[in-house]
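First the structure, in the form of structure tokens, and then the observations on it.
The chains referred to below are lettered A, B, ... by the order of the sequence lines, with proteins before strands, and numbering in each begins at 1.
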Amino acid sequence: MAKPRVIYWFRTDLRLHDSPALKAALELNPEAFWPVWTWDPHYVYRARVGTNRWQFLIDCQNDLSKSITKLNKKSKLFLIREAPQTLFPKLFKAWKITHLVFEKDTDAYARDRDAAIMEAAKEAGVEVIVRSGRTLWDSDELVKKNHGKPTMSMSQVQAAGPKVGPIPRPIPAPKSIPNPGQTSLDFGQDQPEMSPDFNSTSRKHDDKSYDKISGPKEDFAVPTLEELGFPAATTSHRGGETVALKALDEIIANEKYTATFEKPNTAPTAFSPQSTTLLSPHLHFGSLSIREFYWRVQDIVDNFSGKSSQPPVSLTGQLLFRDMYFGAQAALGYSFGQTMHNSHCRFIPWHLPSKVDHKTKLVTGEYHIDSPQADEWFQRWKNGMTGFPWIDALMRQLRQEGWIHHLGRHAVACFLTRGGCYISWERGAEVFEELLLDHETACNAGNWQWLSCTAFFAQFYRCYSPIAFPQKWDKEGEFVRKYVPELAKLDKKYIYEPWKAPITDQKKAGVSVKGDGKVKEKGVYPKPMFDFSERRTICLDGMKNAYHVGLYGDHEKVIDGTWRTLFDDAAEGPTEGKNFKDAMSGNGKKIRDGEDADGDDDDGAVAEDESGAAERGGENKGGDKGKAGTKRKAGQGTLDGHVKRAKK
DNA sequence: CGTGTAGTTGCTATC
DNA sequence: TGATAGCAACTACAC
């Protein structure tokens, strides 16, 4: 039998420490061993990646390559610029490969890609070894132990996780790495399909990263921002396993911080230093292992003499949330990243909904402009020109640094969706996808659904104010002064609502509050794009109504557009019956048929009259086939105030 | 089954 | 200055 000739395929595990897959690969005792990264056009063109995240990826790849070379000066990270689906079959032959090893990836695209690669390997007689290593628990196993259902709450994760098994202790980095075999590529390069390019507007010039299969110097080097056509990064946050482990060391060294960390008590306005760990981008690229993070923290907590914090607010609790979102995505696949066809995402008639290809059931990347005003609000939100300093400061920090505090993400997400603009969470998720260094498909989609109250969370009446909320953390407005320098000299009385500043105060501060924020002008800060409390009331009404209608993304009425007949034409959102060709005959009277919300007619899809519907507290979720939801009369609700009153 | 309680991180007025 | 009640009223889970 031939001695193992192994490709180790790096993807979301850009590290040497605690890699179960890398360990399995080295245990084959290979005769030849190639650490490979395939430069996948899907990531280059069909994912939204801003310049700061490109820089972070490049940092990680360069650092890993250096670390490999330290272990074996003949080796490095071999970057090959071609889609893995076409590359590997050629590579298997050219390098006489016997084994392909990689870490499991449960992202929807990654599953399709890896299935194709495994099929190709089978045909080529190459053995494939896959190990879980990206999460605390294997996400598919977590789902299995959660009765085969997506993990939609923390308690489900805390129940199912231990059933999968104890969280593994981290594996040390390897002490040696075998020589690579030959690296000649005696085959042609399949050129990628460059269109559509989701990143075209960010590029200075066309992407050149595919000009030669092994790079411009034919040395398998990591591509540069210049090759990609991107401008220089603006963030100071840097990637790589070396800086990740050093940052972890520094956090762990502060035992009190580590053991008593409570997320809701960390200030979203802190910037020098920030109040949280900044380790999430490293978890995304795998430059830090989540189990390394978990156990280093847990060991401190176990030996801490004082009172330590507990999940969900503790540091380890944050990691559990990540596994929850991965479990939800592992079960729901592509649909988890969108509303349409998503059985667990509520349907709300947001403005600017995604365009969907109903053949593939996937969003196309474009959206409907049902309201020019909503689109204008969206552009202003995106560019940090809403006229609300707290929102604008956060959005500018996001663009510049690629990171904002979790509570800041709450603030801008609530503002864009249920607490201001009433715009689809998918628009916001796309902006985060482009700009966040730590963008993780599962966590991003999950958090946007959480904040928009379409899944995971439902208390939509808890709404963040762009004025009161930051006031609680930063009375002086230091955060706004840093990221919105126009307002740097404004009196703290007006820092979160500068439109209220008298002209004399504006003059003193050297700023003029005027205009619609469409263009940036020196010494000018825009007026707020709407009256917040007015919008808050409109959004709350809209949410209440949409919850009563009770549709989910996989409901046939959502898919075929007849959901419009269930909403008032006067309601917020693209609900105008006249735009819908098949609007039910007769008047536009609201029909609240919560009974029909699951698409089954097992309990008789009878439309309720107004009084009957008014008593209904919304129907149970759509995916809960065959089960009528628990009905509870409105007056019977378990009311916070009621309970407290009763106690008195 | 129904009922009571809890849920990572709201806001405002009042003491 | 910090704790508490009231606001209007969600779902999930435990018992």
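- In this structure, A/Y461 atom OH and C/dG6 atom P are separated by 16 Å, rounded to whole Å.
- Base pairing of B/dT9: no nucleotide in any strand meets the Watson-Crick or G-U wobble criterion (both distances under 3.5 Å).
- In this structure, CZ of A/R418 is placed 15 Å from C1' of C/dA8, rounded to the nearest angstrom.
- Atom CD of A/Q459 and atom P of B/dA6 are 13 Å apart (whole Å).
- Taking the side chain of A/P264 as heavy atoms from C-beta on, and the options B/dT8, C/dA12, C/dT11, the nearest nucleotide is B/dT8.
- If you measure from atom CD of A/Q156 to atom C1' of B/dA6, you get 15 Å, rounded to the nearest angstrom.
- Distances were taken from every side-chain heavy atom of A/K263 (C-beta onward) to each of B/dT9, C/dC13, C/dC10; the shortest belongs to B/dT9.
- Taking atom P in both B/dC1 and C/dC10, the straight-line distance is 22 Å, to the nearest Å.
- Here B/dT9 is the nucleotide among B/dT12, B/dT8, B/dT9 with the atom lying nearest to any side-chain atom of A/F457.
- Residue contacts shown for A/W473 are absent, as no nucleic acid heavy atom lies under 4.0 Å away.
- For A/K544, counting side-chain heavy atoms from C-beta on, the closest listed nucleotide (C/dA9, C/dT11, B/dT9) is C/dA9.
- Checking C/dC10, B/dC11, B/dT8 against every side-chain atom of A/F469, the shortest atom distance belongs to B/dC11.
- Following rounding to the nearest Å, A/L320 (CG) and B/dT8 (C1') show an atom-to-atom distance of 11 Å.
- Following rounding to the nearest Å, A/Q471 (CD) and B/dA13 (P) show an atom-to-atom distance of 13 Å.
- A distance of about 15 Å separates the C1' atoms of C/dA9 and B/dG7, rounded to the whole Å.
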Apply ring pair (Phe, Tyr, Trp, His ring centres under 6.0 Å) to A/W390 and A/F479, showing your working.
CA-CA 8 Å; A/W390 166 236; A/F479 179 79; 5.6 Å; yes

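- Taking every side-chain heavy atom of A/Y464 into account, B/dT9 is the closest of C/dT11, B/dT8, B/dT9.
- Between A/W450 and A/F457, the ring planes lie parallel to each other; the angle is under 30°, not in the 30° to 60° tilted range.
- When both pairing distances are held under 3.5 Å, B/dG2 makes a Watson-Crick or G-U pair with C/dC15.
- A stacked arrangement is not assigned to A/Y547 and the six-membered base ring of C/dC10, the conditions of a centre distance below 5.5 Å and an interplanar angle below 30° not being jointly met.
- If you check C/dC10, B/dT9, C/dA12 against the side chain of A/H548, the one that comes closest is C/dC10.
- Side-chain N/O atoms of A/R346 include one lying less than 4.0 angstrom from OP1 or OP2 on C/dT11.
- For A/F347 and A/H555, the ring centers are positioned 6.0 Å apart or more.
- B/dT8 and C/dA8 have their C1' atoms separated by 23 Å, given to the nearest Å.
- Considering only residues two or more places apart in sequence or on other chains, A/P166 meets the side-chain contact (heavy atoms from CB on, under 4.5 Å) condition with none of them.
- As rounded to whole Å, 20 Å separates atom C1' of B/dT9 from atom CZ of A/F415.
- Taking atom NE2 of residue A/H147 and atom C1' of nucleotide C/dA12, one finds them 13 Å apart after rounding to whole Å.
- OP1 or OP2 of C/dA12 has not a single side-chain nitrogen or oxygen of A/S155 nearer than 4.0 Å.
- If you check C/dA8 for Watson-Crick or wobble pairing at under 3.5 angstrom, you find it has no partner at all.
- Between A/K382 and A/E434 no salt bridge is recorded (no basic side-chain N to carboxylate O distance below 4.0 Å).
- Ring to ring, A/W499 and A/F388 are close: their centroids are under 6.0 angstrom apart.
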